[in-house]
Amino acid sequence: MAMTKPSDSKPVLPRCHLITSIDRFADARGGKPKIILLFLIICLYRLANAWVIRTQFDPDEYWQTLEPAYCMVFGSSYQNDGRLIESDNANSLAYGCALTWEWTRRWMPSNTTTISDQRKNIHMHLLQAMHGPIRSYVSILPTYWYYLACRSFFEWVKRSSSVRLKYFVHQHASRIISKGPALLHAVIVAAPTDLSIWMIACRLENLDSILNRDQSTSWAFWALFFSLTSWFHGYALIRTYANCFETACLALGIVLLGPELFDKPQGHTAHQHRSKAKVAFVLGGLSACVRFTSLAAWIPLGLTVAIRSGFIRSAFVNSGAENLITKKNDRSAKKESTKRISFSGEYFINFKEMYRTLFGLCAFYGAVGIMLGCSIDRIMYGFWAIPSLGNFHFNVLLGLGSLYGTHPFLWYIYAGIPAICGALLPLIIWDVYALSKILFKDTTITPNSQPVSTNARILLLVVIVPYTMLHSFSEHKEFRFLLPILPLLIVVAGHQMAQLIHTIPTRRKSLTVWISSIACLFLNFPHLVYLGTIHQRGPIALNQFLADEISTKTPRDEPINIHFLMSCHSAPLYSHLHIPGIRIRAWHLDCSPDCRSRHDIVCESDAFLDDPLTFIIDAYGNDNNIGSKVCNNKENDQCIDKQCEEHRSKEIPNFIVVMQDDAVKIEKILFHVLGMHHVASIRHTIKSLSWHRKKYTICENPSSETAFCHDAVTVLSLFDIDFEHIEVYQQSNCAMIN
């Protein structure tokens, strides 16, 4: 029975005010000015997002982006053989440099192999690439260029006669260096990803015969809204991860490949590909240089584009064949017309066009992107390096990625995807279930067998599923590894939300949109605020405290020494401690694979966590001397005797940073032997919750005469929150030179 459309019986009510306000700036038919205005609004939102985030998610955010870029611009650098050399900055002071093993990994040839043999033997170059660095400089180029601009600015300020400007830069240089890259990535990575999500949904909405006629809902609106309010986008996308660069490349690449992926196949007459499609696969090649696992998304994209390019409409085939055959002495044209195979009446398959697209577009321009990325690494490293190949060798062939944590095979299915999707998970499951019903009900595989928007959503799943499955084979799993497919999941969720709004009676749609929007905010923003401002805030606040404390000192030739006695890469180093005119030397505990993969070697971080007291004795002095040293006179500033000082293997630093639980075990040595005094307790993360008790104070080791206590934070006079703290100790005034 034919159903009467609502538009035939009564006029459609205008859209709700929330959708109208967005579409005022986001109308796909409004041209470039409105798109640019929408992009600027998204940039402002992401800048505010990046400014609010004051916590650490994962050490790679700093150690794989900020620290290498800082090392190249301000600090020291590494030669091809891994030796540390000072930077050649003529007009600036050479500051510290901290590169992890991912950047200093090198292949050392045997003594029997000569240099000439290495240059002539391809096998030697392959070994050099496989055993070489596993991190690419491609993803850190924006941060590198930003630091170059900062260095030029600092040098200009140094020559300036403005005292106020010099004082401002001296006080805030650490924040400019540490926070600037996140703000930059908010504009060039996060905002383009949001805009790409909207553009993908716009294209698919125009292909949807139902949603395109319904003026009371918008697929593009919901996709953009879900992206802006996603807790994981707000928490991770604005950070300086290589995964964020991979996410932006994939989202933008799908936008550039829109006609090839989503539009109905029309056939190619000149065998030419659009420039945007070429740029898309160049981005795919650059993404593969950064992380070889991105091929799990780009290979399905390339195969999809190639297969769809071979579908030719029968009308085009008939007219094209007639024109080709009428040409005299054109044997190649006749040969081309006979190679088109009938498929299902309306479409024909041209295998030659598929091969031409697969190798001439996808593979060729992907290889161009890979060569471009390798050229960038060649300039930065000083030798030919293929970080993706080194990454593959380390994580797949050697299987050493498991040294940094393991998870079950299906962890991404039952934990990873549900966590990053959050409140969108029911919509995604609903839409996938609807697609599965369509696929199992109709097995016809012609391009016109299903609505175009349905085929487009299936293509998104063609990218999502292989990407998730490939990452599942790796034992080491992290939430951020799924970040590149989250925009595609958001597009799927946006469709289901628009479909749901479409089925609601017209008079209730506006109220439903407002309720859904408010519910989405409440289901995302509370834990985004918690994770972005409270959880693991210690490392960032710690470095801000140290930078403020050190910046008040007069610049001097001797460096300030800071020892971070914490677990592996617990805090960023020089990129968050930059102070013009003051050199800082930091020491962090080693946890590289060289010690983790060998049973006969104990990593420094593991040794300290297992027995902090013994580690301190071995690191700073002889067991007998330190064990017998006691400062009876607490008022005496000179509390470190010369005999004990002679046996120390490491110089006593100006600052020692240690976690709260470990500080209790070594506080006597820190106070009485090393001559340190406690200067700060910095909240790191929530340790425990309890019912409120009056005057509730947590004291570590209350029997100790040097115990320090922390007041609990009371919430609504109901709960007491006990925070885990990072303790900071400073050398006594007798040893601290101001």
Side-chain angles (χ1 to χ4, degrees), residues 55-65 100-102 134-136 139 230-237 239-250 287-288 290-300 387-422 424-425 428-429 432 461-490 492 527 531 535-536 567-570 591-593 596-597 603 605-606 685:
T55 58
Q56 175 177 283
F57 179 23
D58 186 89
D60 282 1
E61 176 185 359
Y62 311 110
W63 289 89
Q64 306 306 339
T65 302
T100 58
W101 61 270
E102 291 97 334
I134 69 173
R135 296 292 181 181
S136 174
S139 61
S230 169
W231 79 269
F232 198 68
H233 268 181
Y235 184 55
L237 189 59
R239 300 180 185 268
T240 54
Y241 289 121
N243 309 94
C244 300
F245 174 82
E246 181 186 356
T247 303
C249 287
L250 181 59
S287 182
V290 176
R291 294 182 60 86
F292 76 92
T293 53
S294 64
L295 293 175
W298 284 97
I299 289 179
S388 293
L389 190 57
N391 198 335
F392 178 80
H393 176 260
F394 179 84
N395 289 285
V396 178
L397 299 183
L398 299 180
L400 296 180
S402 59
L403 295 175
Y404 295 90
T406 60
H407 292 88
F409 180 81
L410 297 177
W411 184 81
Y412 281 135
I413 305 299
Y414 66 79
I417 291 180
I420 66 173
C421 294
L424 303 181
L425 185 62
I428 296 172
I429 295 177
V432 172
L461 295 180
V462 168
V463 178
I464 294 172
V465 173
Y467 191 91
T468 306
M469 294 302 297
L470 178 67
H471 282 73
S472 297
F473 284 100
S474 175
E475 293 185 358
H476 179 63
K477 300 177 177 65
E478 296 185 31
F479 291 113
R480 60 188 175 95
F481 292 166
L482 295 178
L483 187 60
I485 63 172
L486 183 56
L488 308 185
L489 293 171
I490 288 175
V492 173
H527 44 288
L531 293 173
H535 182 65
Q536 294 185 353
S567 59
C568 184
H569 300 138
S570 296
C591 60
S592 62
R596 287 195 172 194
S597 59
C603 294
S605 59
D606 295 334
T685 187

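Along the sequence shown, residues carry numbers from 1. All values below come from the heavy atoms of this structure, side chains included, with hydrogens, waters and symmetry mates left out.
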_side chain to side chain contact (heavy atoms under 4.5 Å, CB included) partners for P408, two or more places apart_ = W411, Y414

Would you mind reporting whether [Y] and [X] have side-chain heavy atoms less than 4.5 Å apart?
| X | Y | result |
| --- | --- | --- |
| P487 | H233 | yes |
| W231 | L531 | yes |
| K477 | H471 | no |
| L400 | N395 | no |
| L486 | F232 | yes |
| F481 | H476 | yes |
| L489 | I464 | yes |
| I490 | L424 | yes |

State, to 0.1 Å, how close [X] and [Y] come at their nearest heavy-atom pair, and which atoms those are.
| X | Y | result |
| --- | --- | --- |
| P593 | Y404 | CD-OH, 3.2 Å |
| S402 | G399 | OG-O, 3.1 Å |
| L482 | I420 | CB-CD1, 3.7 Å |
| P484 | Y467 | CG-OH, 3.2 Å |
| L295 | P300 | O-CD, 3.8 Å |
| W298 | C249 | CZ2-O, 3.5 Å |

_Stepwise side-chain contact (heavy atoms from CB on, under 4.5 Å) test for C244 and L483_ = CA-CA 7 Å; C244 300; L483 187 60; 3.7 Å; yes

*asked:* I'd like to know if the side chain of T65 reaches the main chain of T240, judged simply by a donor and an acceptor atom lying under 3.5 Å from each other, with no hydrogens or angles considered.
replied: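 Yes, T65 side chain to T240 backbone: donor-acceptor pair under 3.5 Å.
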
*Test: C568-C591 SG spacing under 2.5 Å*: yes

*Among all residues two or more places apart in sequence or in another chain, which pass the salt bridge (charged side-chain N to carboxylate O under 4.0 Å, His left out) test with R596?*
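Checked R596 against salt bridge (charged side-chain N to carboxylate O under 4.0 Å, His left out); zero matches.
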
*asked:* Testing R291, R239, R135 one by one against D60 for a salt bridge (Lys or Arg N to Asp or Glu O under 4.0 Å), which residue passes?
replied: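 Of all the options given, the one that passes is R135.
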
*Under 3.5 Å side-chain donor-acceptor pair for T55 and H535*: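 No pair is found: no donor N or O on one side chain lies under 3.5 Å from an acceptor on the other.
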
*For the residue pair Q56 and E61, confirm or rule out a side-chain donor-acceptor distance under 3.5 Å.*
no

*Might you work through the side-chain contact (heavy atoms from CB on, under 4.5 Å) test for H407 and E475, ending with a clear yes or no?*
CA-CA 6 Å; H407 292 88; E475 293 185 358; over 6 Å; no

*Parallel, tilted or perpendicular: which fits the ring planes of W63 and H569, with parallel below 30° and perpendicular above 60°?*
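The arrangement is tilted - the two ring planes meet at 30° to 60°.
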
